[in-house]
Amino acid sequence: MADSDDELFGAEHVRVYRETAGERGYHWRGTTILLLTTRGRTSGELRTTPLIHRTDGERWVVVASKGGAPEHPGWYENLQANPEATIELPGETVPVRASTAEGEERARLWALMNEVWPAYDEYQTTTDREIPVDVLSRR
């Protein structure tokens with residue numbers, strides 16, 4: 001197991017987060033993490049991904065950056081196929097519906113997310129795709 005929460009990554013991050021109900025893994029590298037569970041668009045299997053998030057009123061905001069890779073992350077593609085998902089926060093599991101922000105809302109939320117993870121602007125310079133900003137609303 002990682003000695004520091006900042007060293008958590010991928011499946012280990014999910015495991016530790018769940019084992020501690022978010023006591024470990026929620027605070028990560030100066031930001032906060034939620035666990036997003038989507039249904040695989042091809043396999044139909046549930047897939048869980050730790051993601052940096054921020055709240056916007058009663059909603060949660062996540063960025064489909066994939067570190068600036070040329071293609072969207074799998075979790076984003078899964079949400080495009082089926083926008084119903086669940087998120088886990090410390091001590092709470094919430095059913096959500098995802099939507100992709102556009103126009104002025106996307107610009108506002110992009111700036112909000114860059115406050116907590118400034119690398120998003122750098123990621124955008126490394127890819128031709130516009131990196132999506134997704135909003136997760138309680139169902």
Side-chain angles (χ1 to χ4, degrees):
M1 181 183 304
D3 293 330
S4 162
D5 288 0
D6 286 353
E7 296 173 18
L8 293 172
F9 188 77
E12 183 183 18
H13 199 151
V14 172
R15 182 183 58 77
V16 170
Y17 198 110
R18 285 183 169 155
E19 285 177 357
T20 66
E23 251 184 71
R24 291 203 51 213
Y26 179 72
H27 294 284
W28 182 82
R29 299 185 183 183
T31 189
T32 53
I33 300 293
L34 59 72
L35 300 183
L36 172 70
T37 300
T38 61
R39 185 159 303 277
R41 64 198 174 282
T42 304
S43 70
E45 294 179 19
L46 295 178
R47 309 275 186 205
T48 303
T49 307
L51 295 171
I52 294 169
H53 83 284
R54 218 166 154 186
T55 57
D56 181 54
E58 297 290 314
R59 311 174 313 165
W60 297 269
V61 181
V62 294
V63 175
S65 68
K66 199 175 181 181
E71 68 282 338
H72 296 307
W75 64 262
Y76 177 78
E77 297 289 350
N78 290 344
L79 288 176
Q80 293 299 291
N82 178 5
E84 293 193 355
T86 59
I87 59 172
E88 293 170 61
L89 300 153
E92 180 180 24
T93 300
V94 181
V96 294
R97 175 173 286 278
S99 61
T100 301
E102 296 180 1
E104 289 180 14
E105 181 185 38
R106 182 199 177 277
R108 181 180 68 78
L109 295 175
W110 180 263
L112 185 76
M113 292 303 291
N114 267 277
E115 290 175 7
V116 296
W117 198 254
Y120 287 136
D121 276 337
E122 180 184 329
Y123 298 162
Q124 186 60 77
T125 67
T126 66
T127 184
D128 291 333
R129 68 184 173 94
E130 180 178 75
I131 295 175
V133 177
D134 258 25
V135 177
L136 308 170
S137 302
R138 189 180 296 266
R139 291 190 265 137

Between the side chain of [X] and the main-chain N/O of [Y], is any donor-acceptor distance below 3.5 Å?
X	Y	answer
D5	G25	yes
R54	L112	yes
T32	Y26	no

- Please list all pairs passing the salt bridge (charged side-chain N to carboxylate O under 4.0 Å, His left out) test where one or both residues lie in residues 78-87, with sequence neighbours left out.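 The answer is E84-R97, E84-R139.
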
- Is the closest basic N to carboxylate O distance between E58 and R138 below 4.0 Å?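 R138 and E58: not salt-bridged.
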
- Task: Please identify each residue that fulfils salt bridge (Lys or Arg N to Asp or Glu O under 4.0 Å) with E71, with sequence neighbours left out.
- Result: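 In terms of salt bridge (Lys or Arg N to Asp or Glu O under 4.0 Å), with neighbours along the sequence ignored, E71 is linked to K66.
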
- Message: Holding to salt bridge (Lys or Arg N to Asp or Glu O under 4.0 Å), I want the full list of residues that pass it with E122, two or more places apart in sequence or in another chain.
- Response: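 In terms of salt bridge (Lys or Arg N to Asp or Glu O under 4.0 Å), with neighbours along the sequence ignored, E122 is linked to no residue.
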
- Query: Would you call D134 and L79 a side-chain contact if the rule is heavy atoms closer than 4.5 Å?
  - Reply: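 They are in contact (side-chain heavy atoms under 4.5 Å apart), so the answer is yes.
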
Go through the structure and list residues passing side chain to side chain contact (heavy atoms under 4.5 Å, CB included) with [X], not counting sequence neighbours.
X	result
R39	L46, N82
Y123	S65, W117, A119, Y120, I131
N78	T38, R41, R47
T49	L51, W75

- Message: Checking side-chain polar atoms at under 3.5 Å, does T100 have a donor or acceptor matched by the opposite partner on Y76?
- Response: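 Yes - a donor-acceptor pair under 3.5 Å links their side chains.
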
- Same cluster for L36 and F9 if Ile/Leu/Val/Met/Phe/Trp/Tyr side chains link at under 4.5 Å?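 Hydrophobic grouping puts L36 apart from F9.
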
- Would you indicate whether E104, at its atom CD, is surrounded by more than 12 heavy atoms from other residues, nucleotides or ligands within a distance under 6.0 Å?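 No, because the 6.0 Å sphere around CD of E104 holds 12 heavy atoms or fewer from other groups.
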
Can you list the residues that meet the side-chain hydrogen bond (donor to acceptor under 3.5 Å, both in side chains) rule with [X], with sequence neighbours excluded?
X	value
R29	none
W110	D121
H13	none
E105	R59

- Query: Roughly how far, to the nearest 0.5 Å, is the OG1 atom of T93 from the CZ atom of R18?
  - Reply: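 Here the interatomic distance stands at 8.0 Å.
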
- Item | Residue pairs, two or more places apart or on separate chains, that pass ring-ring contact (aromatic ring centres under 6.0 Å, His included) and touch residues 77-100 |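 As it turns out, there is no ring-ring contact (aromatic ring centres under 6.0 Å, His included) pair with a partner in residues 77-100 once direct neighbours are skipped.
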
- If you look at every heavy atom in A101 and L109, which pair is closest and at what distance?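 In terms of heavy atoms, the two residues are closest at CB-CD1, 3.9 Å.
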
- Task: Kindly give the heavy-atom pair with the smallest separation between P73 and A64, and that separation in Å.
- Result: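 Minimum heavy-atom contact is CD-O, 3.5 Å.
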
- Check against side-chain contact (heavy atoms from CB on, under 4.5 Å), Y17 and L8: CA-CA 9 Å; Y17 198 110; L8 293 172; over 6 Å; no

- Message: Evaluate L136 against H53 for side-chain contact (heavy atoms from CB on, under 4.5 Å), listing each step before the verdict.
- Response: CA-CA 10 Å; L136 308 170; H53 83 284; over 6 Å; no

- Before giving the answer on side-chain contact (heavy atoms from CB on, under 4.5 Å), spell out for I52 and I33 the whole-Å C-alpha distance, their side-chain angles and the decisive distance to 0.1 Å. CA-CA 5 Å; I52 294 169; I33 300 293; 3.8 Å; yes

- For side-chain contact (heavy atoms from CB on, under 4.5 Å), just list the numbers for E130 and R106, CA-CA rounded to whole Å, side-chain angles, deciding distance to a tenth of an Å, and then say yes or no. CA-CA 11 Å; E130 180 178 75; R106 182 199 177 277; 3.4 Å; yes

